[in-house]
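Some notes on the structure that comes next.
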Amino acid sequence: QVQLVESGGGLVQPGGSLRLSCAASGSIFSIDAMGWYRQPPGNERESVAVITSGGSTNYADSVKGRFTISRDNAKNTVYLQMNDLKPEDTAVYYCTAVLMMKRDTYWARYWGQGTQVTVSS
């Protein structure tokens with residue numbers, strides 16, 4: 001089994017910062033890309049930021065210059081530093097990872113349970 005556990009969400013005022021963390025655990029052989037998606041109230045889930053195993057990153061236009069994704073491969077952990085937060089960043093944030101389990105010979109995508117981020121004064 002694989003688990004992705006997020007932490008770091010909460011309530012923050014506009015202009016504030018939060019740092020999300022997501023640790024992958026279980027019988028993991030290798031992790032390829034890791035990333036963050038979010039689902040605002042009443043909207044579909046959307047990609048926020050992705051980071052490859054080699055460290056290449058990609059961001060949604062709406063968060064470029066404000067959010068930074070990073071990862072610690074030794075800890076199977078991905079982070080999302082969110083600065084200058086805006087009310088429109090309010091959403092449930094989901095961690096995702098494309099990985100291969102030790103028992104398998106294929107890559108599969110796994111999701112965390114989500115963490116709420118609310119930006120409000």
Side-chain angles (χ1 to χ4, degrees):
Q1 290 285 52
V2 172
Q3 280 191 313
L4 272 63
V5 180
E6 300 113 331
S7 61
L11 173 64
V12 63
Q13 292 186 343
S17 298
L18 282 175
R19 188 191 194 210
L20 305 182
S21 300
C22 172
S25 62
S27 187
I28 299 170
F29 174 72
S30 182
I31 302 178
D32 189 10
M34 303 184 80
W36 294 91
Y37 281 63
R38 67 186 181 187
Q39 187 164 14
N43 288 296
E44 296 183 351
R45 192 175 297 189
E46 60 186 18
S47 178
V48 176
V50 177
I51 184 167
T52 68
S53 58
S56 297
T57 59
N58 192 44
Y59 296 92
D61 288 342
S62 59
V63 307
K64 283 181 180 177
R66 301 188 297 122
F67 291 11
T68 301
I69 189 170
S70 61
R71 65 191 281 175
D72 184 335
N73 292 330
K75 296 181 179 180
N76 289 342
T77 300
V78 63
Y79 306 95
L80 186 67
Q81 177 67 42
M82 304 185 292
N83 298 327
D84 189 24
L85 282 159
K86 304 176 180 181
E88 51 264 41
D89 294 318
T90 295
V92 177
Y93 283 71
Y94 296 91
C95 168
T96 183
V98 177
L99 59 86
M100 182 182 295
M101 294 180 64
K102 290 179 180 177
R103 69 184 185 196
D104 295 332
T105 58
Y106 57 87
W107 299 91
R109 180 180 293 278
Y110 294 83
W111 294 91
Q113 80 287 353
T115 184
Q116 178 69 46
V117 172
T118 302
V119 185
S120 176
S121 54

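Atom set for the values below is all heavy atoms of this structure, side chains included, hydrogens, waters and symmetry mates excluded. Quantities reported herein were computed from a predicted structural model and do not represent experimental measurements.
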Practice task
Indicate yes or no: at least one non-hydrogen side-chain atom of Asp89 is less than 4.5 angstrom from one of Arg38.
Solution key: yes
Exercise for the section: Report yes or no: do Val98 and Met100 belong to one cluster of Ile/Leu/Val/Met/Phe/Trp/Tyr joined by side chain heavy-atom distances under 4.5 Å? Expected result: yes
Problem - Main-chain N/O of Ala33 paired to Thr52 side chain as donor or acceptor, under 3.5 Å - result: no
Problem - By side chain to side chain contact (heavy atoms under 4.5 Å, CB included) - contacts of Asn73 (at least two apart) - result: Arg71
Problem - Full working for side chain to side chain contact (heavy atoms under 4.5 Å, CB included) between Asp72 and Tyr79 - result: CA-CA 8 Å; Asp72 184 335; Tyr79 306 95; 4.1 Å; yes
Handout entry: Considering all heavy atoms, the nearest Gln116-Ala91 contact
Key = NE2-O, 3.4 Å
Practice task
Say whether Leu18 and Val78 are linked into one hydrophobic cluster, either directly or through other cluster members, by side-chain heavy-atom distances under 4.5 angstrom.
Solution key: yes
Practice task
Please tell me if the side chains of Cys22 and Tyr94 come closer than 4.5 Å, counting only heavy atoms from C-beta onward.
Solution key: no
Problem - Pairwise side-chain contact, Leu20 with Glu6, heavy-atom cut-off 4.5 Å (strictly under) - result: no
Problem - For Asp61, all residues meeting side-chain hydrogen bond (donor to acceptor under 3.5 Å, both in side chains), sequence neighbours excluded - result: Lys64
Practice task
Following the transitive rule for hydrophobic clusters with a side-chain heavy-atom cut-off under 4.5 Å over Ile, Leu, Val, Met, Phe, Trp and Tyr, establish whether Val50 and Trp36 coincide in one cluster.
Solution key: no
Exercise for the section: Anything under 30° is parallel, anything over 60° is perpendicular, the rest tilted; go ahead and classify Trp111 against Tyr37. Expected result: perpendicular
Problem - Heavy-atom check, side chain of Val5 versus side chain of Ser25, under 4.5 Å - result: no
Practice task
Check step by step if side chain to side chain contact (heavy atoms under 4.5 Å, CB included) holds for Thr115 and Ser7.
Solution key: CA-CA 7 Å; Thr115 184; Ser7 61; over 6 Å; no
Handout entry: Partners meeting salt bridge (Lys or Arg N to Asp or Glu O under 4.0 Å) with Arg109 (sequence neighbours left out)
Key = none
Practice task
Run the numbers on Ile51 and Tyr59 for side chain to side chain contact (heavy atoms under 4.5 Å, CB included), then give the verdict.
Solution key: CA-CA 9 Å; Ile51 184 167; Tyr59 296 92; over 6 Å; no
Exercise for the section: Tell me, yes or no, whether the heavy-atom count around Glu88 atom CD, taken from other residues, nucleotides or ligands under 6.0 Å, exceeds 12. Expected result: yes
Problem - Smallest separation among heavy atoms of Ile31 and Ser53, with atom names - result: O-CB, 3.8 Å
Exercise for the section: Decide side chain to side chain contact (heavy atoms under 4.5 Å, CB included) for Phe29 and Asp104; before the verdict, give the C-alpha distance in whole Å, the side-chain angles of both, and the deciding distance to 0.1 Å. Expected result: CA-CA 9 Å; Phe29 174 72; Asp104 295 332; over 6 Å; no
Practice task
Could you state whether Val48 and Val92 fall into the same hydrophobic cluster, counting links through intermediate Ile, Leu, Val, Met, Phe, Trp or Tyr residues with side-chain heavy atoms under 4.5 angstrom apart?
Solution key: no
Exercise for the section: Inspect the surroundings of CD in Gln3 and state if more than 12 heavy atoms from other residues, nucleotides or ligands are less than 6.0 Å away. Expected result: no
Problem - Under 3.5 Å donor-acceptor, Thr90 side chain and Val119 backbone - result: yes
Exercise for the section: Taking the side chain as every heavy atom from C-beta outward, state whether Leu11 and Ser120 have any atom pair closer than 4.5 Å. Expected result: yes
Practice task
Determine the minimum heavy-atom distance between Ser121 and Pro14, stating which atoms define it.
Solution key: N-CD, 3.7 Å
